[in-house]
Each structure stands twice: as C-alpha cells, then as structure tokens.
**Q** 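Quick one: the structure is below, and I'll ask about it shortly.
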Number of protein chains: 2
Amino acid sequence: MNKQISKRTLYRLPVYLSLLQEKAKEGVEYISATSIANILGLNHVQVRKDLSCASSAGRPKVGYETKVLIKDLQNFLDYNNTKDAVIVGAGGLGKALLGYDGFKSYGLNIVAAFDVNSALCGKQINGKTIFHVDKLPELTKRMNIHIGIITAPAENAQSICDTLVKSGVLAIWNFAPVSLTVPRGIIVQNENMATSLAILSNKLNEVLRG
Amino acid sequence: MNKQISKRTLYRLPVYLSLLQEKAKEGVEYISATSIANILGLNHVQVRKDLSCASSAGRPKVGYETKVLIKDLQNFLDYNNTKDAVIVGAGGLGKALLGYDGFKSYGLNIVAAFDVNSALCGKQINGKTIFHVDKLPELTKRMNIHIGIITAPAENAQSICDTLVKSGVLAIWNFAPVSLTVPRGIIVQNENMATSLAILSNKLNEVLRG
DNA sequence: CTCTTATTGATATTTTTTTATCGATAATTT
DNA sequence: AAATTATCGATAAAAAAATATCAATAAGAG
C-alpha cells in the first residue's frame, strides 16, 4: 500500500473497481487476483501489484474480500469526497452527461450547465439548470468549482476553456475533439473518442484481413 | 513507414490527426515534429517516431507538409473506408452519438439504433431510425454490420453484447460501465469514463494538496 | 559559396511497465 | 498430522516505451 502509483495502474484501478462492484452485486465475497486477471484479460501479477497500491487486504489461498477491496479502491480514488463540476455545452452530449446519474458514484457532482443558446437557458435536466455562458465566471467563482467539463463543439472549446480557467477552474475534462492550450498547472483530460475508435477499427481490420 | 505499430502509437495518431486538421484550417502548410510535440506536451522524438509509422513525408529544416501528413494518417487509420455500425440503447448517450455527425470523418457510419423501449421505436434522430431490439439480429446480419456500439444501461449490456455477437458483430464499442465477456476473437473497446475521471481527479488532488 | 540552423530519421540509452519466478502462508485434502 | 494446493507478495528478468544522441540534409543568412 501507498507505493508510488503509475499512470497505467491508475488507469486500471477504476476498471477493477467496476468489476468488483458487479461481483459484489452477484454475491461474490472473496475474489483472487488470478480470477480478476482472467476476466479482464490481464496478467495476475499485474493485478496483484496494482491492487497493492490501494489495498492490503489479500489473504493467501483466499484472495481479497470483495467489500473491503471495493472500499479501499473507492477511498484511494477519492470517490467519497464529492467534487463539484460544471458542464459547458448543453447539446446532445452535454445533456446526456447531465442526465447520467452514475457520476455520483465516482464522486463527481455536476451542479449546473452552461450554453450560448439562450433558448436552452432556464431549462432543467435531471434537476440541473442550464444557464447562459455569460453567467459562468460569476457562478463558478462563487461556488468555488474546480472542475469544468467541455461538451461544446470543437470551434468553441478553446474560448470556453479560457473562460473556465479565468473563473478558477483547475481541471478540465474535454470532450471536444481539439487539443486545448492551457496555462501551466491546469489539468486537461481529453476524452478522445476518435482514439478509441481508431483502436477498435485497427483491431477489426486485423481480424478481417489477417 | 510500415514499421510495427505499438498500441501507444496507435493511441496518439488520431490526436496528431486532429491537431493537424486544426492547423490546416488555420492555413499552416508545414509543421515540424518539434512544434507538434510542444503543443501536445510530448517528446519530439516520440512524435517523429509515431508519424514515421504512417507517413514518410518529413523534410529536414522544413518539417511535414500538413496536407500530405493528414492524408497519410487518414489512410493509415482507415478513415476513408467507411465502416457501418449500429447503436444499441437510445437513451441520452445513444441519442447524443446518433446526433453527432463527426463520426463520418473517422470512417464510422451509424446506420441505425435499437432500443427495448417501444415508445422510441420508429422515431428518427439525425435521419437514423430507432428499431426495437428484436429486429437487431435480422437487420445486422442482412446489412453485414461488424461494429456494435453499446450505450445501454450496465445491467443490459452483457445480454445485448451476446445478441450482437450472435448477429455477426465482430467489434464492440462499449460505453456501459461493465466488463463484457465475449468469445475469443471478438474485439471490445471500452469507453471508460470512470477511468478518465479517476485520472483527472487524481491529478487535481495532487495540485490541491501538493 | 560557406556557415549556421532547424529539422529529419536512425541508433543507442534509459526508464517504465509487464511478466516470470520463488518463498511464505493458510485453507483443504488425505 | 502431513501433504497438497491456491493464493499472496516480493524480487528478478524481460519486454516495451520513452528519451537522448548524433549524422545527414536542406533551407536560409552572411
């Protein structure tokens, strides 16, 4: 526990967590690194190593207690501390994310949305109001929000990003297919669907051709 | 060109492509690996190596001709060959993806959507009809579709996945937060938002604490 | 025309990540 | 009670990826 955490490990921890939650639902009380590895198509040593960063609940011959491991992972991933966020861009994707209740379990609380389209303003989705972007700086500052989610079209993404940064946002989850330029210290996580698609497509080609 | 392509490189190629397309729009005719690396926060040798997998258009002192590089990347990523796909789950996210026209430029053509909710069936979004899932096997087989996109709730994802596989789908783009079990040879690409979020959150914590 | 500079692309080195091996441990079987 | 087995966790080895170095090249400056 508390070893240095590698980027890749951090990538996999939420995947383990999600699997464990499924298994817990099914009533699985104990689970071994070997079986996790088999299900996810990973190496069992890797799984054990990854888990050791967040937990120390493993017992020889038995494996990990599902519930304890879930708790440890949630704790490590900071899913218990709720973090407020705003969405900018209330188009299709923005609305979809607003309507999705699953983020709560990841410790993300979307408090409001913003859009340039006045026709959308004042509307509520899933109990969350859509405001005009003009109100973004004030509201974001006042509520001390540090996470911004950009679901606007590519051409507006950079200026929205700039506004978010000026308004005190430190971390940006970017769904627009552009590379944002940010000041040093600001975090950008790109949700790049093109990349996923490229990998899928590449693998599919191998199957179809090879 | 035509060297062995690593997973990581494949991950980055669409990112380069997207940046290059931006730059091309701005009228940039030539671009160097160094400047790409600076913009994206990567190492310039890495960029050069990555690009060499897909193109051989670089000239010393000048860099790459933007248009040629874009073409080479699109070609390498097979964005010119259109691949048909179906979406299963016409909830918020499914509708958002149906309404998004950007996939065309990645060679993905969503031909139809399916849902269990009869109320949605028959409706059209962005010119694409929503059918009842009962019709999925027949339609998918008849149209010889190899890609399925799952945007259904987690609890339905596995059974949808099974149906897709039975219907001849070879590659699945999974937006549901579950790990799907598939027969050998079937490709699954998980669009795991929890993972992105975990990384964002982790980095943010470092900033806030450190 | 020569020198300087920015760049490519190849090779070498370093770092990171993954995988293999092995002893320790605890549950189960004989 | 001893042997067997499934597992963990640590360390070692191997593989993959990232980065550094350097010769070659071509554009532009002097």
Side-chain angles (χ1 to χ4, degrees), chain A residues 1-16 19-20 23 28-70 72-73 76 195 198-199 202-203, chain B residues 1-16 19-20 23 28-70 72-73 76 195 198-199 202-203:
Chain A
M1 199 148 157
N2 272 333
K3 291 166 195 170
Q4 73 172 37
I5 174 89
S6 91
K7 218 176 172 179
R8 301 310 210 74
T9 295
L10 187 53
Y11 226 89
R12 287 184 296 260
L13 290 181
V15 178
Y16 300 139
L19 174 66
L20 289 165
K23 289 293 170 191
V28 175
E29 284 191 57
Y30 292 90
I31 192 162
S32 72
T34 316
S35 60
I36 294 176
N38 285 339
I39 295 170
L40 297 175
L42 302 172
N43 179 287
H44 65 105
V45 179
Q46 185 174 61
V47 173
R48 214 167 287 126
K49 235 175 180 176
D50 285 346
L51 294 178
S52 76
C53 296
S55 181
S56 44
R59 270 206 295 161
K61 181 77 184 184
V62 179
Y64 302 83
E65 194 176 342
T66 319
K67 281 187 188 172
V68 174
L69 193 50
I70 288 174
D72 285 347
L73 282 172
F76 186 86
T195 277
I199 291 168
N202 181 275
K203 287 189 203 156
Chain B
M1 202 149 156
N2 273 332
K3 289 165 196 171
Q4 73 172 39
I5 175 88
S6 90
K7 216 175 173 181
R8 306 304 213 71
T9 295
L10 186 53
Y11 227 88
R12 285 184 298 260
L13 290 181
V15 179
Y16 300 139
L19 174 66
L20 290 165
K23 288 294 169 190
V28 175
E29 284 191 58
Y30 292 91
I31 192 162
S32 73
T34 316
S35 59
I36 294 175
N38 285 339
I39 295 170
L40 297 174
L42 300 172
N43 180 288
H44 65 103
V45 179
Q46 184 176 60
V47 174
R48 214 168 286 126
K49 235 175 178 174
D50 285 345
L51 293 177
S52 77
C53 295
S55 180
S56 44
R59 270 204 295 161
K61 183 78 181 179
V62 179
Y64 302 83
E65 195 176 342
T66 319
K67 281 187 188 171
V68 174
L69 192 50
I70 288 174
D72 284 348
L73 282 172
F76 186 87
T195 277
I199 291 169
N202 181 275
K203 286 189 203 157

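A, B, ... follow the sequence lines: proteins, then strands. Residue 1 opens every chain. Just so you know, these numbers come straight off a predicted model, no measurement behind them.
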**Q** Between atom CD1 in B:I5 and atom P in D:dA17, what is the gap in whole Å?
**A** 10 Å
**Q** Check whether any side-chain nitrogen or oxygen of B:S32 sits under 4.0 Å from OP1 or OP2 of C:dA6, and answer yes or no.
**A** no
**Q** Base of C:dT8, side chain of B:K49 - is there a donor-acceptor contact under 3.5 Å?
**A** no
**Q** Among D:dA20, C:dT17, D:dA10, which nucleotide has an atom closest to any side-chain atom of A:V45?
**A** D:dA10
**Q** In whole Å, I'd like the distance from the CG atom of B:L42 to the C1' atom of D:dA17.
**A** 13 Å
**Q** Grab the OH-P distance between B:Y11 and C:dT17 for me, whole Å please.
**A** 15 Å
**Q** Side chain of A:Y64 only, please: which of C:dT19, D:dT19, D:dC8 is the nearest?
**A** D:dC8
**Q** Rounded to whole Å, how long is the line connecting atom CG of B:L51 with atom P of C:dT7?
**A** 14 Å
**Q** Is it true that a side-chain atom of B:T9 and a backbone atom of B:D50 form a donor plus acceptor pair closer than 3.5 Å?
**A** no
**Q** Round to the nearest Å and state the distance from B:L10 atom CG to D:dA16 atom C1'.
**A** 15 Å
**Q** Ignoring backbone atoms, test whether B:R12 places a side-chain nitrogen or oxygen under 4.0 Å from the OP1 or OP2 oxygen of D:dA17.
**A** no
**Q** B:E65 has an atom CD; how far is it from atom P of C:dT8, in whole Å?
**A** 14 Å
**Q** Under the criterion side-chain contact (heavy atoms from CB on, under 4.5 Å), I'd like the reasoning laid out for B:R12 against B:L42: C-alpha separation, chi angles, the key distance, then a yes or no.
**A** CA-CA 10 Å; B:R12 285 184 298 260; B:L42 300 172; 4.0 Å; yes
**Q** What is the distance, rounded to the nearest whole Å, between atom CG of A:N43 and atom P of D:dA16?
**A** 13 Å
**Q** Give me the distances for all protein-to-nucleotides 22-26 of chain D N/O pairs that come in under 3.5 Å?
**A**
none

**Q** Assess whether side-chain contact (heavy atoms from CB on, under 4.5 Å) is satisfied between B:Y64 and B:R48, documenting all intermediate values.
**A** CA-CA 10 Å; B:Y64 302 83; B:R48 214 168 286 126; 3.3 Å; yes
**Q** Please give me the minimum heavy-atom distance between A:H44 and A:T34, naming the atom from each residue.
**A** CB-CA, 3.8 Å
**Q** Keeping B:T195 on the side-chain end and A:P14 on the backbone end, is there a donor-acceptor pair under 3.5 Å?
**A** no
**Q** Mind checking side chain to side chain donor-acceptor pair (under 3.5 Å) for A:S35 and listing every partner two or more places apart, or none if nothing turns up?
**A** A:S32
**Q** Please give, in whole Å, the distance from D:dT7 C1' to A:N38 CG?
**A** 13 Å
**Q** Distance-only, no hydrogens or angles: does the A:T66 side chain make a donor-acceptor pair with backbone N or O of A:V28 under 3.5 Å?
**A** yes
